[in-house]
Each structure stands twice: as structure tokens, then as C-alpha cells.
There are 2 protein chains.
Amino acid sequence: MKKLEINLDHIDYQILRIMQNNARTNNADIARELGMAPSAILERVKKLEQKEVILQYNAKINPAALDQNLLSFIFIKTSDIIGEQGIAYLLAEIPEVQEVHDIAGDDGYLIKVRTADAAGLVDLMRNTLGKIEGIISTRTTIVLETIKEEQKLVIPTV
Amino acid sequence: MKKLEINLDHIDYQILRIMQNNARTNNADIARELGMAPSAILERVKKLEQKEVILQYNAKINPAALDQNLLSFIFIKTSDIIGEQGIAYLLAEIPEVQEVHDIAGDDGYLIKVRTADAAGLVDLMRNTLGKIEGIISTRTTIVLETIKEEQKLVIPTV
DNA sequence: TTTGAAACGCACGCTTA
DNA sequence: TAAGCGTGCGTTTCAAA
């Protein structure tokens, strides 16, 4: 993650707040809401994208609609030397793996995985994780139900 | 999460794939890519929204740009009876808490939290979590570095 | 469920303040 | 940086198949 030497003002914050809640809000609507000209908003949005303040625009899809009903967190102990993350990048390439975090303590990595069901998880662990050299052990936590799941950040007011 | 009695076809999958990668792709572009009329795409997108296949459109914002540089996972043991989730909903109301999962085993809940730094985390644990009745214990895992973090689902090909 | 036509509104570059 | 303007394009509705 890059260093950001950017100063965001309260108008930027408002734009970010709107975009975070509905990435398909059009320029004209944002402009109306903030009482500015659309061209000025467009200019700011482009800069926010350029400066990587806005990283991407995603549609959040219902996992159940695609039969991906099992969410799991797996702690992975590896032979990676501290500071190196070779295995982390291998893990990141697996499509079912949504997140890979290098964590403090001796667990190594924490990954978040979405599969259709328990069988899919077993399959992934056996046939994909099992094939990765250097994984010493894993500890899996199964999610029974998700009460909240979003990536929204707390945006400063004013 | 609701039951979904919807049949998605391969055109829907393609739309979802495009939208998942860039939620601001316009109708006309999707139509061109799929070789259909824009109005047909619009119709499908609206249905996908109605049926809650597409849940929302989010801008993914760089946490560093908003000085939220510390990510943590916290396991929370509570006095919630199994099957009840009173405390989970209290946790979900905290803005810094991005995720709340009810997990198997005796840990109770797993939450994902984003704060500015360690001081912010301590503050949250003391002043917010500490004020919630029924939390028996917590176990915190600090993220040193995030290698991958997204919510993209694996969409069936064809 | 798709298409095409038509009306309307928006995007976006340019110029000026 | 922001506003105002203009043109090309996208969006959206509707009738028809």
C-alpha cells in the first residue's frame, strides 16, 4: 500500500461517503447534493481515482445467489521466513480466497475463504492448499452466520 | 440472508462478472460487450437488483487515505445463548467494525475492526466493547500486512 | 425477454473567472 | 479550482414482436 501525501477536504469526504454507499451515483446527482457544478465533481472524482484514494468500484453480489454458502477463516502456519511472503502470494491467487493477511504471532497467515459447502472446503484444503509446499499446519474456523460484512470505512465528518 | 429461487443464466453471470469488476461500467458498454441492446441489459440489471442478487454498489476506498492503518480480528466470547445474537447486533452497530460473524466452537463471534492505530484499537476495546454487557473475553489478532482483500465471488463460467 | 426509436438527461472537454 | 456551456452519447421508456 502506497504512501498518500494527499490532503482531502470536506467535499472530498462527502464524495467518498456518497460513493461508498452507492458507487453508481452519477456526477449530476452528486453535484446537486453538494451544491456544485458537475464538472467540478467530475474533476475531483478523477483525482481521487488517480491518487488511489478510490481503489475500485465493486458490485457486491449475494453469495447465496451463487451457491457459495460457506464462509471460513483459516489460520495457516508456514515455513515462510518472517518478512517474506512467498506463500501468501500463492494463497492470494486462489479465487475462493477473498482475503490474505499476514498476522502477528506464530500463526503466520489468516485467510478468508468462500466455498459452496463443507465438501467444497474440504476439497479446497486437500487439493489446493494441500498442494502448496511450505504449509505446516492449518486451523479452520467455520462461520455459522454472518451478521455484518462490508468494507465501508469511517469517513470523517467535516 | 434470504432464499433465492432464481435461475441465473450465462448472460446474468456475464453481467455479474462485469459489475463485480467495475460497478460503474455503463449499460451501453455492457450491451456492446455482450452483443445485446442496452435496454435488455438495463432490464436484467434491474431484476438482479430486485432479486437481491446484486446487493449494493460500493466504492472501495484506500484505508491509508483515511488514516485507518490498523486492521484487527477479535474473537469475542459472550453470554449470548446459542442461537441468540443480541450482542452480535450491538457489535454490528459499531462503525469501525466491518464484519461480525457467528462462529462455530466456543469463541462466539469473530469481528473485523479497522482503526487508525494501536491506540485507536485500545480505545475502541476499552470505551466501546468494554461498555457492552455480556462480553466475557476477547482475543485479538493484529494484521501486519494485507496481501489480498476483496469480496469478489467466483462466478460460474458458462 | 428482446429490440428499436425517441426524448430526455448526463458526461466531459473547453473556456473563463 | 470552480462554473458555464455545448455536443455527443448514454439512459430510459414504450410499443411491438
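Reckoned from all heavy atoms, side chains included, excluding hydrogens, waters and symmetry mates. Throughout, protein chains are lettered first and strands after them, A, B, ... in sequence-line order, and every chain is numbered starting at 1.
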Item checked: Stepwise side chain to side chain donor-acceptor pair (under 3.5 Å) check, A:Gln151 with B:Asn58 -> CA-CA 9 Å; A:Gln151 299 221 19; B:Asn58 300 119; over 6 Å; no
### Task
State whether a side-chain donor-acceptor pair under 3.5 Å links B:Gln56 with A:Glu150.
no
Here the distance between atom C1' of C:dT1 and atom CD of B:Glu43, to the nearest Å, is 8 Å
Checking salt bridge (Lys or Arg N to Asp or Glu O under 4.0 Å) for the pair B:Glu149/B:Lys112: CA distance, chi angles, key distance, verdict?
CA-CA 12 Å; B:Glu149 184 177 31; B:Lys112 181 177 171 182; 2.7 Å; yes
- Task: State whether A:Glu49 and B:Arg24 are salt-bridged, where the test is any N-O pair (Lys NZ or Arg NE/NH1/NH2 against Asp/Glu carboxylate O) under 4.0 Å.
- Result: no
Contacts of A:Lys46 and A:Asp29 projected onto DNA chain C by closest heavy atom; the upstream (5') one is A:Asp29
Next on the checklist: Would you say CD1 of B:Ile136 has more than 12 non-hydrogen atoms from neighbouring residues, nucleotides or ligands within 6.0 angstrom?
Outcome noted: yes
note: A:Glu33, atom CD; C:dC10, atom C1'; distance rounded to Å ~ 17 Å
Sorted by position of nearest nucleotide on DNA chain D, 5' first, the leading residue of A:Ala40 and B:Arg32 is A:Ala40
From CG of B:Leu34 across to P of C:dT3 the rounded distance in Å is 11 Å
Separation of C:dC10 atom P from A:Arg24 atom CZ, nearest Å, is 15 Å
For the residue pair A:Leu110 and B:Val143, establish whether any side-chain heavy-atom pair is separated by less than 4.5 Å. no
Between CZ of A:Arg44 and C1' of C:dA11 the distance, given in whole Å, is 18 Å
When rounded to whole Å, the CG to C1' distance for the pair A:Asn27 and C:dG9 reads 13 Å
Under a 4.0 Å heavy-atom criterion, DNA chain D is touched by chain B from D:dG10 to D:dT13
Between CG of B:Leu8 and P of C:dT1 the distance, given in whole Å, is 11 Å
Between CG of A:Asn26 and C1' of C:dA11 the distance, given in whole Å, is 9 Å
